[in-house]
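Just so we're on the same page: letters track the sequence lines, and every chain starts at 1.
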2 protein chains.
Amino acid sequence: MPSMKIGALASTTGCQVQTIRYYEQQGLLAEPARTGANYRLYDDAHVERLRFIRHCRSLDMSLDEIRVLLRFRDAPAENCARVNELLDEHVGHVARRIAELQALERQLKELRGLCSIARPVTDCGIMRGLTAKARRGATNLGTHGRSRH
Amino acid sequence: MPSMKIGALASTTGCQVQTIRYYEQQGLLAEPARTGANYRLYDDAHVERLRFIRHCRSLDMSLDEIRVLLRFRDAPAENCARVNELLDEHVGHVARRIAELQALERQLKELRGLCSIARPVTDCGIMRGLTAKARRGATNLGTHGRSRH
DNA sequence: ACAAACCCTGTAGCTACTATAGAGTCAAGC
DNA sequence: GCTTGACTCTATAGTAGCTACAGGGTTTGT
């Protein structure tokens, strides 16, 4: 099938229709041809490119990082040093986030250990722990805050 | 000081001014008294409550989770079983996210191992890896996608 | 008297989508 | 020929937890 509409592209790549339009709007996917009725028409190159993007996303890369990789994909003769560098940085992000979360996990488990039974909140070690630690100041969330999931 | 303006509260808690107003808007901090010039006036109870919130945030709890904890803080006679449960759930979230990120880290390091030198992109093992794996389909990001940091 | 530093509200921006509203298009069945 | 349903289009708003303006008013210090 040298040519497919957006729904077909979505189902062959396992990507939502709106997400595809979003990538186009963000300049990750080139604007495809259109039918007379203004429907988008994709070919195999689009399929490949979208799969590349989705694979990078499954590795938790940002759209900005992916944009860089796509530029290299489009200029195959260039030197790949920046690609290696980008991946190293990304591995670094992930490793750092893991370390943060592990520190967090330790704190949470410690806190959890402070109450093992159901009792009035006033006597609950967890609530006491949250309040006490809070009282003796300066918890540092960076300027960027934290994210979830 | 039994009464402070928002800037003072911000600097004693290490929280930004806008963040305080945001918490008020989200119903985590009660609306404080106002001066004649409509400036917010906070007392020690506000300081404590904001510190509690920030401590919970430093443990990466969502504002919804914190809202639940605050409700308990406001009703000290109630049973703390829900608090324990909430913390267990939260520890579970964190542990799961760590596992996800570790799997990711393994994949990224494997990919990184595919290219150790600077050469044309066409020959770069990383770009080949991203393309090849992408080609053989079905990377699954869930319906919820991923987050960063 | 005037400037710097503070405060106010309201709004837009960030990431990477997801979900709606309201409209047009197309193929199949009756 | 007409309807029904599945598809497509654009544009807009929502998600989490802030951050950063814009465009004003107030307080404080010299």
Side-chain angles (χ1 to χ4, degrees), chain A residues 3-29 31-42 50 53-67 70 90 93 97 139-149, chain B residues 3-29 31-42 50 53-68 90 93 97 139-149:
Chain A
S3 181
M4 49 180 27
K5 285 185 283 183
I6 199 167
L9 179 59
S11 60
T12 71
T13 57
C15 178
Q16 298 235 56
V17 165
Q18 293 107 306
T19 304
I20 296 171
R21 288 197 279 245
Y22 175 72
Y23 288 158
E24 178 183 327
Q25 184 200 313
Q26 295 301 302
L28 299 174
L29 278 176
E31 293 187 17
R34 300 275 185 148
T35 69
N38 203 30
Y39 287 11
R40 289 171 178 83
L41 277 184
Y42 297 96
L50 182 52
I53 295 170
R54 293 307 280 173
H55 184 55
C56 291
R57 283 294 299 138
S58 80
L59 296 174
D60 216 13
M61 294 179 193
S62 70
L63 298 192
D64 272 350
E65 287 171 325
I66 297 171
R67 236 181 295 269
L70 285 171
H90 186 56
H93 295 331
R97 185 60 180 149
T139 56
N140 55 329
L141 333 180
T143 54
H144 53 297
R146 289 177 178 280
S147 68
R148 325 204 68 239
H149 254 283
Chain B
S3 179
M4 48 179 29
K5 285 185 284 184
I6 199 168
L9 178 60
S11 59
T12 70
T13 57
C15 178
Q16 299 235 55
V17 166
Q18 292 106 308
T19 304
I20 295 171
R21 288 197 278 244
Y22 176 72
Y23 289 158
E24 178 182 327
Q25 185 200 314
Q26 295 302 303
L28 298 174
L29 277 175
E31 294 187 17
R34 300 275 185 148
T35 69
N38 204 29
Y39 287 12
R40 289 170 178 83
L41 277 182
Y42 297 97
L50 181 52
I53 295 170
R54 293 306 279 173
H55 184 55
C56 291
R57 283 295 297 140
S58 80
L59 297 174
D60 216 13
M61 295 179 191
S62 70
L63 298 190
D64 273 350
E65 287 170 324
I66 296 172
R67 237 182 294 270
V68 172
H90 186 56
H93 295 331
R97 185 59 180 149
T139 55
N140 54 328
L141 333 181
T143 54
H144 54 296
R146 288 178 179 280
S147 68
R148 322 203 71 239
H149 254 282

Engineer: Please determine if a side-chain N or O atom of A:Arg57 lies less than 4.0 Å away from the OP1 or OP2 oxygen of C:dT15.
Structural biologist: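 Answer no for this pair, as no side-chain N or O of A:Arg57 is under 4.0 Å from OP1 or OP2.
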Engineer: Output the rounded distance in Å from CG (A:Leu9) to C1' (D:dC9).
Structural biologist: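 These atoms are roughly 16 Å apart.
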Engineer: Taking the side chain as C-beta and beyond, is there a heavy-atom pair between B:Tyr23 and B:Leu63 under 4.5 Å?
Structural biologist: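 Contact flag for B:Tyr23/B:Leu63 side chains = yes.
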Engineer: Please figure out whether B:Thr35 or B:Arg67 has its closest DNA chain D nucleotide nearer the 5' end.
Structural biologist: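 Comparing both residues, the 5'-ward one is B:Arg67.
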Engineer: Are any protein N/O atoms closer than 3.5 Å to N/O atoms in nucleotides 1-5 of chain D? If there are, list each pair with its distance.
Structural biologist:
none

Engineer: Please tell me if B:Thr19 has a side-chain N or O lying less than 4.0 Å from either OP1 or OP2 of D:dT19.
Structural biologist: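 So the side chain of B:Thr19 is within the cut-off, an N or O lying under 4.0 Å from OP1 or OP2 of D:dT19.
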Engineer: Do B:Cys56 and B:Ile66 have side chains that approach each other closer than 4.5 Å (heavy atoms only, starting at C-beta)?
Structural biologist: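 Side chain of B:Cys56 against side chain of B:Ile66, heavy atoms only: contact under 4.5 Å found.
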Engineer: Rounded to the nearest 0.5 Å, what separates atom CD in A:Gln25 from atom CG in A:Leu28?
Structural biologist: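 One gets 10.5 Å once the value is rounded to the nearest 0.5 Å.
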Engineer: Could you tell me how far apart A:Tyr22 (OH) and D:dA11 (P) are, to the nearest whole angstrom?
Structural biologist: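 Rounded to the whole Å, the gap is 16 Å.
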Engineer: Measure the CD-CZ distance between B:Gln26 and B:Arg21 for me, rounded to the nearest 0.5 Å.
Structural biologist: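 The CD atom of B:Gln26 sits 14.5 Å away from the CZ atom of B:Arg21.
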Engineer: Round to a whole Å and report the spacing from CD of A:Gln25 to P of C:dA16.
Structural biologist: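 Between P of C:dA16 and CD of A:Gln25: 13 Å.
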Engineer: Would you kindly give the CD-to-P distance between B:Gln26 and D:dG14, to the nearest whole Å?
Structural biologist: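 For the pair B:Gln26 CD and D:dG14 P, the rounded distance is 13 Å.
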Engineer: Find the distance between OG1 (A:Thr35) and CZ (A:Arg40) and round it off to the nearest 0.5 Å.
Structural biologist: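 Reported to 0.5 Å precision, the distance equals 10.5 Å.
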Engineer: For the CG atom of A:Asp60 and the CD atom of A:Glu65, what is their distance to the nearest 0.5 Å?
Structural biologist: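 CD of A:Glu65 is found 9.0 Å from CG of A:Asp60.
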Engineer: Is a donor on one side and an acceptor on the other found under 3.5 Å between the side chain of A:His90 and the backbone of A:Leu59?
Structural biologist: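 Checked: pair present.
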Engineer: Just the rounded figure in Å: distance from P of D:dC18 to CD of B:Glu24.
Structural biologist: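 Computing the B:Glu24:CD to D:dC18:P distance gives 15 Å.
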Engineer: In whole angstrom, give the distance that lies between atom CD1 of B:Ile20 and atom P of D:dG17.
Structural biologist: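 Taking atom P of D:dG17 as the reference, CD1 of B:Ile20 is at 17 Å.
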Engineer: Please give, in whole Å, the distance from C:dC26 C1' to A:Met4 CE?
Structural biologist: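 To the nearest whole Å, that distance equals 18 Å.
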Engineer: Are B:Ser3 and B:Leu41 packed together at the side-chain level, in the sense that at least one heavy-atom pair is separated by less than 4.5 angstrom?
Structural biologist: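 They are in contact (side-chain heavy atoms under 4.5 Å apart), so the answer is yes.
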Engineer: N/O contacts under 3.5 Å, protein versus nucleotides 6-10 of chain C?
Structural biologist:
{"unit_1": "C:dC7", "atom_1": "OP1", "unit_2": "B:Gly7", "atom_2": "N", "d": "2.6"}
{"unit_1": "C:dC8", "atom_1": "OP1", "unit_2": "B:Arg40", "atom_2": "N", "d": "2.8"}
{"unit_1": "C:dC8", "atom_1": "OP1", "unit_2": "B:Arg40", "atom_2": "NH1", "d": "3.0"}
{"unit_1": "C:dC8", "atom_1": "OP2", "unit_2": "B:Arg21", "atom_2": "NH1", "d": "2.5"}
{"unit_1": "C:dC8", "atom_1": "OP2", "unit_2": "B:Arg40", "atom_2": "NH1", "d": "3.4"}
{"unit_1": "C:dC8", "atom_1": "O3'", "unit_2": "B:Arg34", "atom_2": "NH1", "d": "3.4"}
{"unit_1": "C:dT9", "atom_1": "OP1", "unit_2": "B:Arg34", "atom_2": "NH1", "d": "3.3"}
{"unit_1": "C:dT9", "atom_1": "OP1", "unit_2": "B:Arg34", "atom_2": "NH2", "d": "3.1"}
{"unit_1": "C:dT9", "atom_1": "OP2", "unit_2": "B:Arg40", "atom_2": "NH1", "d": "2.9"}
{"unit_1": "C:dT9", "atom_1": "OP2", "unit_2": "B:Arg40", "atom_2": "NH2", "d": "2.8"}

Engineer: Nearest 0.5 Å, please: how far is OH in B:Tyr42 from OG1 in B:Thr13?
Structural biologist: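 Reported to 0.5 Å precision, the distance equals 10.0 Å.
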Engineer: Would you kindly give the OH-to-C1' distance between B:Tyr23 and D:dA16, to the nearest whole Å?
Structural biologist: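 In whole Å, D:dA16 C1' lies 11 Å from B:Tyr23 OH.
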